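Note that the structure is a prediction, hence the values are computed from the model and not measured.
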Amino acid sequence: MTSFGDRLQFLIKSNGITQKDLADTLNVKRGSVSNWVTNRRFPDAETLIKIADYFHVTIDFLLRGADEYLNKEYDEISSLYKKYSDLSEDNKELIDTMFKL
């Protein structure tokens, strides 16, 4: 089972942003986002709502990953992201170009 931090890290990476970008958007310190991603701390309720709104996911998904559809989608996207990450830079560039068409 994935943790809140795992899901947050996935959302950050899959949206092509950095922890600092998210911190700036939420008006928190980058260290706070780092603590959430590593499961050392947890955001307050108001910030959790902002995170869900920003990434267009449910709070239930953030907290429990309970939405079966989102979990399946998360697993599929995670698998694709892992495969993409393992590609050479030339192959990544080729795929990126294909998606721009």
Side-chain angles (χ1 to χ4, degrees):
M1 176 179 273
T2 60
S3 67
F4 169 78
D6 293 332
R7 286 185 290 280
L8 182 58
Q9 181 66 23
F10 164 77
L11 291 168
I12 290 168
K13 285 186 176 184
S14 65
N15 281 274
I17 64 169
T18 65
Q19 289 183 12
K20 182 172 181 347
D21 294 333
L22 181 59
D24 291 345
T25 298
L26 300 174
N27 199 28
V28 299
K29 295 180 181 179
R30 194 206 59 79
S32 294
V33 176
S34 176
N35 283 332
W36 303 336
V37 167
T38 57
N39 295 302
R40 283 180 280 202
R41 298 245 191 271
F42 196 79
D44 61 35
E46 183 179 330
T47 305
L48 193 62
I49 292 167
K50 289 178 183 178
I51 293 168
D53 289 345
Y54 179 78
F55 289 116
H56 306 287
V57 296
T58 64
I59 292 173
D60 195 44
F61 171 74
L62 289 174
L63 295 177
R64 301 186 309 159
D67 187 325
E68 190 173 306
Y69 174 75
L70 287 177
N71 272 341
K72 182 179 177 187
E73 184 176 84
Y74 171 84
D75 292 339
E76 290 171 1
I77 292 172
S78 291
S79 175
L80 287 172
Y81 181 78
K82 170 74 172 118
K83 289 175 184 176
Y84 177 83
S85 297
D86 292 339
L87 292 173
S88 69
E89 290 303 313
D90 288 340
N91 285 337
K92 286 180 185 177
E93 192 173 309
L94 178 63
I95 288 175
D96 291 346
T97 301
M98 291 171 54
F99 275 105
K100 291 178 185 175
L101 297 176

With clusters defined by side-chain heavy atoms of hydrophobic residues (ILVMFWY) lying less than 4.5 Å apart, directly or transitively, does Leu80 cluster with Tyr84?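 Different clusters: Tyr84 never reaches Leu80 through Ile, Leu, Val, Met, Phe, Trp or Tyr contacts under 4.5 Å.
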Lys/Arg-Asp/Glu bridge criterion (N-O < 4.0 Å) met for Asp86, Lys82: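 The answer is yes: the pair qualifies as a salt bridge.
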Expected list for residues 25-32: side-chain donor-acceptor pairs under 3.5 angstrom, two or more places apart:
{"residue": "Thr25", "atom": "OG1", "partner": "Asp21", "partner atom": "O", "Å": "3.0"}
{"residue": "Arg30", "atom": "NH1", "partner": "Gln19", "partner atom": "OE1", "Å": "3.1"}

Ring pair (Phe, Tyr, Trp, His ring centres under 6.0 Å) pairs, two or more places apart, involving residues 13-49: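 Found Phe4-Phe42.
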Can you tell me which residue pairs pass the ring pair (Phe, Tyr, Trp, His ring centres under 6.0 Å) test with a partner in residues 13-35, sequence neighbours excluded? none
Taking everything shown except Arg40 itself, do over 12 heavy atoms lie less than 6.0 Å from its CZ?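 Counting other residues, nucleotides and ligands, CZ of Arg40 exceeds 12 neighbours.
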If you count the non-hydrogen atoms of other residues, nucleotides and ligands that lie under 6.0 Å from NZ in Lys92, is the total more than 12? yes
Calculate, to the nearest 0.5 Å, the distance between atoms CD1 and CG belonging to Ile95 and Asp90 respectively.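 Result: 11.5 Å between the selected atoms.
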Once you round to the nearest 0.5 Å, how far does CG of Leu22 lie from NZ of Lys50?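 One gets 11.0 Å once the value is rounded to the nearest 0.5 Å.
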Any donor-acceptor N/O pair, Asp44 side chain to Glu46 backbone, under 3.5 Å: yes
Do you know the tightest heavy-atom contact between Gly5 and Asn39?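 What the structure gives for the nearest pair is N-OD1, 3.0 Å.
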Measure the shortest side-chain to side-chain distance between Phe55 and Leu8 over non-hydrogen atoms and say whether it is less than 4.5 angstrom.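 Result yes, sub-4.5 Å side-chain heavy-atom pair found.
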